[in-house]
Amino acid sequence: METPIIGRVWKFGNDIDTDVIIPGKYLRTKDMQVFAAHAMEGIDPEFAEKVKPGDIIVAGSNFGCGSSREQAPLALKHAGIACVVAKSFARIFFRNAINVGLPLMEADVECQEGDEIRVDLLKGEVIVPGKGTFRGNKLPDFLLQILADGGLVAHRKKIQDEQKE
Amino acid sequence: MGTISEKIFSRAAGTEARANDFVLADIDYAMAHDGTSILTVNAFKEMEMKKVWDPSRIIIPFDHIAPANSETSATLQKEIREWVKEQGIPNFYEMGEGICHQVLPENGFALPGKLVVGADSHSCTYGAFGAFATGVGATDMAEIFATGKLWFKVPESFRFIVEGRLEEKVYAKDLTLYLIGKTGIDGATYKAVEFYGPAISELSVSGRMTLCNMAIEMGAKTGIVPPDKQTFDFLNNRAAAPYEPVYADQDAAYSKELTYSAGDIEPQVACPHQVDNVKPVGEVEGIHVDQVFIGTCTNGRLEDLGVAAAILKGKKVAVRTIVIPASRTTLLAAIENGTMETLLKAGVTLATPGCGPCLGAHQGVLGEGEVCISTANRNFKGRMGKGGFIYLASPATAAASALSGEITDPRTV
């Protein structure tokens, strides 16, 4: 897990739901590129084309509300999003993001779309050039560990391997 | 000195659990449907796990895209069926058996005091039976399949008390939408909501399922109705295992306590594109609808179909109307008691028990700009089809609207 994560900002508002992050009709596949190609389609049909690897989403409260579909954080991750910062997250999205290895942080950050910001997961803070440092909620260590391992699947595999030795 | 959630987690984690503690808890039952088991099985295989922790505690219903509507979904479903067989999972429910959140209660897996986790956000439905039930994503479910355990942050609890009784032609769905409107789409995020009061006790098991089903729509981790005689009667000869009802202690600590009066509630409608955009039906009466949808895990039960049939009896629907019973059992009962004949004679279209068009992936999706009044639980932008508008209401309001082709107060028909 790279930290701090430095990237360009895409801004979204409150209550961004899983139906706009990845509409239900695209769920009938295991192909990550399909999810990526339709990321955020419900709110910005061109998002998947505009987004660059390493970009960061900064959003308002209740990001990822709605369905349990893990395709939502997968779509963002495979579209190139390096991290999601939001004032708050819906709980299933929060778990899913960590499980698929998409870093996130709860923080109320003042910034503009296109700003290059620095998200430090280990310190639990976000630095916006010219605006200052914003304190966020640092993830508990066991969740940082899952992220560091690359998600829950890799984390579980690591534990299995350690048990074998 | 615990809430229902704290007491269930204390038992499941084998340690005294208080709100905001992180615990590793033993899961009693785990569910994944055709929509989420694809990624769950994938993750399980990637974890290089050989066997699931306990096949008898895993339940796999096919409901989201069932029957399969494309070669892709058919092939993915084939893979899941093969995996289910290979793992010896006995509780597999084929397409047509019904929606997961109906199938689990009908088969006695939603039990008081149990910790039930589903790879579906509406798994909170089982709180209607006094379980702690919540939704997770596919990889969390794979972790449960592998180990039988999952980490949780024990939620703080809200205590909602609903005094009085619902007026005539005002239903559990209206109460539910009203509470979501008051609480807001994220007003209960991370919280467990316990429901109390005479209006809650008076709700049928079916009505309690409607209420708990939509707890997630106020952000809640779960909604719980304390079990009572109605619960036990429903579970009689049905419970998949012995169970121990769990109740909150007198001195349990709640982060919020709110009292509502059922008598104040009129028929409610949640307007596009957010579930907490709730208005009394009077404010949206007359809005043209292109489609009516009666069904889903929120309102596709026998009681719901009965309410719709009573309104449609001897009449004809004015707009296309889709009815999808929540399960095969529901459909059979609706055939036996004449409800289905009434509905079909009124001109409704019947589809296979399952999720139908609710999430925009199966029969009955909307065209660009079309409006649907639906008994489902979500009206997010594009959910039932790009460019569609979804109004959420009770089966009574939906049926009354089917007769006129516009949103109609069921108290006027």
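Protein chains get the first letters and strands the later ones, always in sequence-line order, with residue 1 at the start of each. Atoms considered below: every heavy atom in the structure, side chains included; atoms not considered: hydrogens, waters and symmetry mates.
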Looking only at A:L143, A:T18, A:N14, the option with the highest number of non-hydrogen pairs under 4.5 Å against chain B is A:L143
Would you say CD of B:E71 has more than 12 non-hydrogen atoms from neighbouring residues, nucleotides or ligands within 6.0 angstrom?
no
Using a strict threshold of under 4.0 Å (side-chain N to carboxylate O), is an ion pair present between A:R95 and B:E143?
no
Are A:R156 and B:T139 close enough that a side-chain donor and a side-chain acceptor fall under 3.5 Å?
no
Pick one of side chain, backbone, both or neither for B:M384, based on which atoms fall under 4.5 Å of a heavy atom in chain A.
neither
Got a sec: does the CD of A:E49 have more than 12 other heavy atoms crowding it under 6.0 Å?
no
Are the side chains of B:L39 and A:L74 in contact, using a 4.5 Å heavy-atom criterion?
yes
Chain B heavy atoms under 4.5 Å from A:P140: which part of the residue, side chain, backbone, both or neither?
side chain
What part of B:T75 gets closer than 4.5 Å to chain A, counting heavy atoms only: side chain, backbone, both or neither?
neither
Between B:A43 and chain A, with a heavy-atom cut-off of 4.5 Å, which part of the residue counts as in contact: side chain, backbone, both or neither?
both
Check whether B:F22 gets within reach of chain A through its side chain, its backbone, both or neither, counting any heavy atom under 4.5 Å.
side chain
Go through the atoms of A:L152 and report whether side chain, backbone, both or neither lie under 4.5 Å from a heavy atom of chain B.
both
Side-chain (A:E70) to main-chain (B:A138) donor-acceptor, under 3.5 angstrom
yes
Checking heavy atoms, do the side chain of B:Q274, its backbone, both or neither come under 4.5 Å from chain A?
side chain
Could you have a look at A:G66, A:A154, A:P23 and say which one has the most heavy-atom pairs with chain B under 4.5 angstrom?
A:G66
Count the heavy atoms of every other residue, nucleotide or ligand shown that sit under 6.0 Å from CD of B:Q363, and state whether that count exceeds 12.
no
Answer yes or no: are there more than 12 heavy-atom neighbours, outside B:K78 itself, under 6.0 Å from its atom NZ?
no
If you define the side chain from C-beta out and look only at heavy atoms, does anything of B:M47 sit under 4.5 Å from A:Q160?
no
I would like to know whether A:I92 and B:I216 meet side-chain contact (heavy atoms from CB on, under 4.5 Å); could you show each step before the answer?
CA-CA 10 Å; A:I92 306 180; B:I216 176 83; 4.3 Å; yes
By a 4.5 Å heavy-atom criterion (distance strictly below it), what part of B:R383 contacts chain A: side chain, backbone, both, or neither?
both
Contact part of A:N99 toward chain B, heavy-atom cut-off under 4.5 Å: side chain, backbone, both or neither?
both
For B:I185, is it the side chain, the backbone, both or neither that has a heavy atom under 4.5 Å from a heavy atom of chain A?
both
Pair A:R69-B:S121, side chain to side chain donor-acceptor pair (under 3.5 Å): steps then yes or no:
CA-CA 8 Å; A:R69 63 185 68 155; B:S121 61; over 6 Å; no
Honestly, the part of B:D140 sitting under 4.5 Å from a heavy atom of chain A is both
Counting only heavy atoms not in B:R18, do more than 12 fall under 6.0 Å of its CZ?
yes
Taken to the nearest 0.5 Å, the spacing of A:L27 CG from B:L76 CG works out to 11.0 Å
So do B:H273 and A:D17 actually touch side chain to side chain, heavy atoms under 4.5 Å?
no
When you compare the side chain of A:V153 with that of B:F44, does any pair of heavy atoms fall below 4.5 Å?
no
Check whether A:I22 gets within reach of chain B through its side chain, its backbone, both or neither, counting any heavy atom under 4.5 Å.
neither
Using a 6.0 Å cut-off, check whether atom NZ of B:K381 has over 12 heavy atoms from anything other than its own residue.
no
Got a sec: does the NZ of B:K182 have more than 12 other heavy atoms crowding it under 6.0 Å?
no
Can you find a heavy atom in the side chain of B:H362 that is under 4.5 Å from one in the side chain of A:K25?
no
If you count heavy-atom pairs under 4.5 Å between each of B:T134, B:I38, B:T36 and chain A, which one has the most?
B:T134
I want to check something: taking the side chain as every heavy atom from C-beta on, are B:F380 and A:S67 in contact at a cut-off of under 4.5 Å?
no
What residue in B:G35, B:G135, B:G219, B:A142 has the most heavy-atom pairs under 4.5 Å with chain A?
B:G135
So which heavy atom on A:F89 is nearest to which on B:Y190, and how close?
O-CE1, 3.5 Å
Could you tell me which portion of B:N377 (side chain, backbone, both or neither) has an atom closer than 4.5 angstrom to a non-hydrogen atom of chain A?
neither
Assert top hit (heavy-atom pairs under 4.5 Å, partner chain B, pool A:R91, A:K157, A:Q71) equals A:R91
For B:T40, which atoms come within 4.5 Å of any heavy atom of chain A: side chain, backbone, both, or neither?
neither
So which residue, A:A90, A:S68, A:G42, ends up with the most heavy-atom pairs under 4.5 Å with chain B?
A:S68
Which portion of A:F142 sits near chain B, non-hydrogen atoms under 4.5 angstrom:
side chain
Main-chain N/O of A:N62 paired with B:D186 side-chain donor or acceptor, under 3.5 Å:
no
Could you tell me which of B:K386, B:M49, B:E217 has the largest number of non-hydrogen atom pairs under 4.5 Å with chain A?
B:M49
Taking the side chain as C-beta and beyond, is there a heavy-atom pair between A:R28 and B:I65 under 4.5 Å?
yes
For A:K123, does the NZ atom have more than 12 heavy-atom neighbours from other residues, nucleotides or ligands under 6.0 Å away?
no
